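In what follows, a single structure is set out as structure tokens and then discussed.
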Amino acid sequence: MNDVIELLTSHRSIRKFTERKIPHELLLDLIRAGQGAATSSHVQAYSVIHVKTPANREKIAELAGSQGYIASCSDFLVFCADMKRPTDAAERTGAQVVRGMTEQLLVASVDTALMAQNVAIAAESEGLGICYIGGIRNDPQAVSDLLQLPEHVYPVFGMCLGYPDQQPEVKPRLPVEAILMEDRYRDTRQDVEAFDATMHGYYRDRTSGRKDANWSRNLTPLFDTKLRAHMREFLIERGFEMK
């Protein structure tokens with residue numbers, strides 16, 4: 001493997017950071033690297049909020065489910081899908097702008113994810129650790145109020161950045177055969193059963209036998225309830241009417 005592929009396949013979520021701060025110029029370089037990601041029709045439908053005020057970070061940590069590393073990492077970013085800037089720009093040219101389309105929501109969400117992943121890869125290439133924080137969607141309205149997000153902008157996820165103070169193992173991924181299919185979709189039950197055995201061993205070894213789990217069992221709480229059912233109404237309130 002070349003260095004880039006090796007970096008990509010060695011990702012770990014870091015939740016414990018040293019007190020060392022990321023230089024501001026390096027942070028700007030990471031954002032510029034994020035901007036280099038692919039973007040649909042050059043729309044660049046994202047904005048990034050650098051949350052610096054300690055009280056705001058403490059509040060977001062609480063809203064996200066008491067994730068204390070939001071407050072303790074060097075820098076915390078909130079990546080927002082932003083359809084306000086491009087639609088406002090088009091409207092200023094005299095266009096009869098149609099807002100709230102489902103495709104606009106998809107474009108902005110995908111643009112934001114691609115941009116954030118570029119930031120993550122750039123950060124890890126500099127020896128930093130990162131952790132995505134989907135928990136900000138536990139109460140996206142409170143996060144939006146705190147960050148004063150306007151209509152047609154919504155917080156997709158946060159990201160902790162800092163110098164790692166831990167070295168967790170790389171968590172196994174599904175075998176490539178379960179992901180890469182030729183010409184048509186195929187059933188992957190056998191691949192999943194094999195992966196469950198792999199993950200059972202991973203959790204057993206990582207916890208000295210204290211955790212009896214596998215991949216499929218860990219998915220249960222994500223799908224046996226209506227996870228974050230508030231998101232639909234929240235997005236409609238944000239102006240993404242999903243027409």
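Keep in mind that what you see is a predicted model, and the values were worked out from it rather than measured. Basis for what follows: all heavy atoms, side chains included, without hydrogens, waters or symmetry-related copies.
A salt bridge between D75 and R57 is absent, with no side-chain N of the basic residue lying under 4.0 Å from a carboxylate O of the acidic one.
What you find for Q44 and T39 is that their closest heavy atoms are N-OG1, 2.8 Å. Closest approach of C80 to V153, counting heavy atoms only: CB-CG1, 3.8 Å. For the pair Q166 and S13, the tightest heavy-atom approach, listed with the atom from each and the gap, is OE1-O, 4.1 Å. Heavy-atom minimum distance, P155 versus S144: CD-OG, 3.4 Å. Nearest heavy-atom pair across I136 and G158 is CD1-N, 3.6 Å. The minimum heavy-atom distance between G127 and P164, with the atom names listed, is O-CD, 3.4 Å.
Taken together through direct or relayed side-chain contacts under 4.5 Å among Ile, Leu, Val, Met, Phe, Trp and Tyr, V107 and M101 form parts of separate hydrophobic clusters. Linking ILVMFWY residues whenever their side-chain heavy atoms come closer than 4.5 Å, directly or via other members, leaves Y163 and I133 in distinct clusters. A continuous path of Ile, Leu, Val, Met, Phe, Trp and Tyr side chains, each step under 4.5 Å between heavy atoms, connects M83 with I236, placing both in one hydrophobic cluster. Note on F157 and M115: same hydrophobic cluster, where clusters join Ile, Leu, Val, Met, Phe, Trp and Tyr whose side-chain heavy atoms are under 4.5 Å apart, directly or indirectly. Placement of I60 and V156 in two distinct hydrophobic clusters is found when ILVMFWY residues are connected by side-chain heavy-atom separations under 4.5 Å, directly or transitively.
In the hydrophobic clustering (ILVMFWY side chains linked at under 4.5 Å, chained through shared members), I5 is joined by M1.
Among pairs with a residue in residues 124-136, those fulfilling side-chain hydrogen bond (donor to acceptor under 3.5 Å, both in side chains) read H11-E124, Q117-Y132, at least two apart in sequence or across chains. Listed by first and then second residue, the ring pair (Phe, Tyr, Trp, His ring centres under 6.0 Å) pairs that reach into residues 179-232 are F195-W215, sequence neighbours excluded. Judged as a side-chain hydrogen bond (donor to acceptor under 3.5 Å, both in side chains), the pairs with a partner in residues 149-158 (not counting sequence neighbours) are, in order, S109-Y154. Identified under the ring pair (Phe, Tyr, Trp, His ring centres under 6.0 Å) test for residues 84-120, with sequence neighbours left out: none.
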Checklist entry - Yes or no on side-chain contact (heavy atoms from CB on, under 4.5 Å) for V143 and D139, after CA distance, side-chain angles and deciding distance? => result CA-CA 7 Å; V143 173; D139 193 340; 5.6 Å; no

Next on the checklist: Using the rule given for side-chain contact (heavy atoms from CB on, under 4.5 Å), can you reason through K211 versus R204, listing the C-alpha separation, both sets of side-chain angles and the distance that settles it, and then say yes or no?
Outcome noted: CA-CA 6 Å; K211 185 171 182 177; R204 181 195 60 218; over 6 Å; no

Next on the checklist: Assess the residue pair V119 and F79 against the criterion (side-chain contact (heavy atoms from CB on, under 4.5 Å)); give the C-alpha distance rounded to whole Å, side-chain angles, the decisive distance to 0.1 Å, and a yes or no.
Outcome noted: CA-CA 11 Å; V119 172; F79 290 82; 4.2 Å; yes

Next on the checklist: Go through it in stages, so that I can follow the logic: the residues are Q35 and Y46, the test is side-chain contact (heavy atoms from CB on, under 4.5 Å), and I'd like the CA-CA distance, side-chain angles, deciding distance and then a yes or no.
Outcome noted: CA-CA 9 Å; Q35 289 182 276; Y46 44 70; 4.1 Å; yes

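Remark: the D111 side chain and the S40 side chain contain no N/O donor-acceptor pair separated by less than 3.5 Å. Side-chain atoms of Q141 and D145 include a donor-acceptor pair closer than 3.5 Å.
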Quick one: side chains of residues 16-34, donor-acceptor pairs under 3.5 Å with protein atoms, not counting sequence neighbours, listed by atom name and distance.
residue, atom, partner, partner atom, Å
T18, OG1, R20, N, 3.3
D29, OD1, R32, NH1, 2.9

List the atom pairs, donor and acceptor, that lie under 3.5 Å between side-chain atoms in residues 167-179 and the rest of the protein, sequence neighbours left out.
residue, atom, partner, partner atom, Å
Q167, OE1, R12, NH1, 3.4
Q167, OE1, R12, NH2, 3.0
R173, NH1, K171, O, 3.1

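Under the 4.5 Å side-chain criterion, counting only non-hydrogen atoms from C-beta, L106 is not in contact with Q104. Between V78 and V51 there is a side-chain heavy-atom pair separated by less than 4.5 Å.
How far CG of L219 is from CG of D224: 10.5 Å, rounded to the nearest 0.5 Å. Here S72 contributes atom OG and R15 contributes atom CZ; the two are 12.0 Å apart, rounded to the nearest 0.5 Å. For the atom pair S216 OG and M199 CE, the distance stands at 10.5 Å (nearest 0.5 Å). Here CE of M159 is found 4.5 Å from CD1 of I130. Values are rounded to the nearest 0.5 Å. Taking CD1 from I121 and CG from L8, the interatomic distance works out to 5.0 Å, rounded to the nearest 0.5 Å. Put simply, CD1 on I70 and CG on L63 are 9.0 Å apart, with the number rounded to the nearest 0.5 Å.
Within 6.0 Å of the CZ atom in R232, the count of heavy atoms belonging to other residues, nucleotides or ligands does not exceed 12.
The main-chain N or O of G201 is never found under 3.5 Å from a side-chain atom of R206 such that the two would form a donor-acceptor pair. The closest donor-acceptor contact from the side chain of E6 to the backbone of N2 lies at 3.5 Å or more, if one exists at all. No donor-acceptor distance shorter than 3.5 angstrom exists from the side chain of S66 to the backbone of E62, with no hydrogens or angles considered.
D82 pairs by the salt bridge (charged side-chain N to carboxylate O under 4.0 Å, His left out) definition with R85, not counting sequence neighbours. Under the rule for a side chain to side chain donor-acceptor pair (under 3.5 Å), E237 has no partner lying at least two apart in sequence or in another chain. Partners of T87 by side chain to side chain donor-acceptor pair (under 3.5 Å), not counting sequence neighbours, listed by chain and number: R99. Taking K59 as the reference, nothing meets the side chain to side chain donor-acceptor pair (under 3.5 Å) condition, with sequence neighbours excluded. In this view, R189 and E193 satisfy the side chain to side chain donor-acceptor pair (under 3.5 Å) rule, not counting sequence neighbours.
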